[in-house]
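A short write-up of the structure that comes next.
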Amino acid sequence: LGNQAAAALKVGGQGDTRRRRDALTLAVEASVAATAIDDKYVRGYVRGAKALLILGDYGDGDVKALRRAREMLEKALNVDPTHGGATSTLKDVNISLQLFDDDSD
């Protein structure tokens, strides 16, 4: 499941919008399944969060996806507080959330 999430995340960066969304949704689903099996699987949380970040940044922005990404990254950092990928992705998610919150004012 972890490799499926990684592959779907990679495909999510290519192709038309529908194909990208489908691949990113698959990455999230695979990541959620992988972390349900092993709740200490940090890469699973990070991969899911990266896919949610991309989905959240589409168009007008999906704040719900961004908040879900933040939750996944917080779980990852609870397992491994020094994980560089989780830390940097969380910064990106927080920036996106801040931008969308500023837009709603």
Side-chain angles (χ1 to χ4, degrees):
L1 291 169
N3 289 338
Q4 182 182 19
L9 186 56
K10 197 165 210 110
V11 171
Q14 307 166 3
D16 61 43
T17 302
R18 183 170 184 209
R19 181 177 172 201
R20 290 181 73 184
R21 279 189 184 274
D22 290 347
L24 292 166
T25 300
L26 177 62
V28 173
E29 291 169 355
S31 296
V32 168
T35 56
I37 293 168
D38 180 0
D39 66 350
K40 304 230 182 297
Y41 184 50
V42 174
R43 284 187 298 172
Y45 292 118
V46 174
R47 289 172 179 161
K50 285 182 178 182
L52 285 164
L53 172 60
I54 297 167
L55 286 168
D57 280 344
Y58 266 117
D60 293 334
D62 182 352
V63 174
K64 216 166 160 180
L66 293 170
R67 288 185 181 135
R68 189 170 170 207
R70 182 172 55 194
E71 289 171 11
M72 291 185 86
L73 293 164
E74 288 170 349
K75 288 179 182 179
L77 290 168
N78 281 334
V79 175
D80 181 358
T82 63
H83 193 277
T87 303
S88 66
T89 305
L90 182 58
K91 286 179 186 174
D92 293 339
V93 168
N94 285 332
I95 289 168
S96 290
L97 279 168
Q98 196 171 37
L99 289 172
F100 288 119
D101 282 346
D102 288 348
D103 286 346
S104 65
D105 292 339

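This chain uses plain numbering: 1 for the first residue, then up along the sequence.
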Euclidean distance, Asp57 CG relative to Leu99 CG, rounded to 0.5 Å: 8.5 Å

Separation between CG (Asp62) and CD1 (Ile54), nearest 0.5 Å, reads 13.5 Å

Who pairs with Asp38 by side-chain contact (heavy atoms from CB on, under 4.5 Å), at least two apart in sequence or on another chain? Lys40, Tyr41

The side-chain contact (heavy atoms from CB on, under 4.5 Å) partners of Thr25 (sequence neighbours excluded) come to Glu29, Leu55

Asp80: what forms a side chain to side chain donor-acceptor pair (under 3.5 Å) with it, not counting sequence neighbours? Thr82

Residues 63-79, side-chain donor-acceptor partners within the protein, below 3.5 Å, at least two apart:
unit_1	atom_1	unit_2	atom_2	d
Asn78	ND2	Glu74	O	3.3

If you take all heavy atoms of [X] and [Y], which pair is closest and at what distance?
X     : Y     : value
Thr35 : Gly44 : CG2-C, 3.8 Å
Thr87 : Pro81 : OG1-O, 4.4 Å
Gly85 : Ser88 : O-OG, 3.3 Å

As a quick check of understanding, evaluate side chain to side chain contact (heavy atoms under 4.5 Å, CB included) for Val32 and Val28, giving each step before the final call. CA-CA 6 Å; Val32 168; Val28 173; 4.3 Å; yes

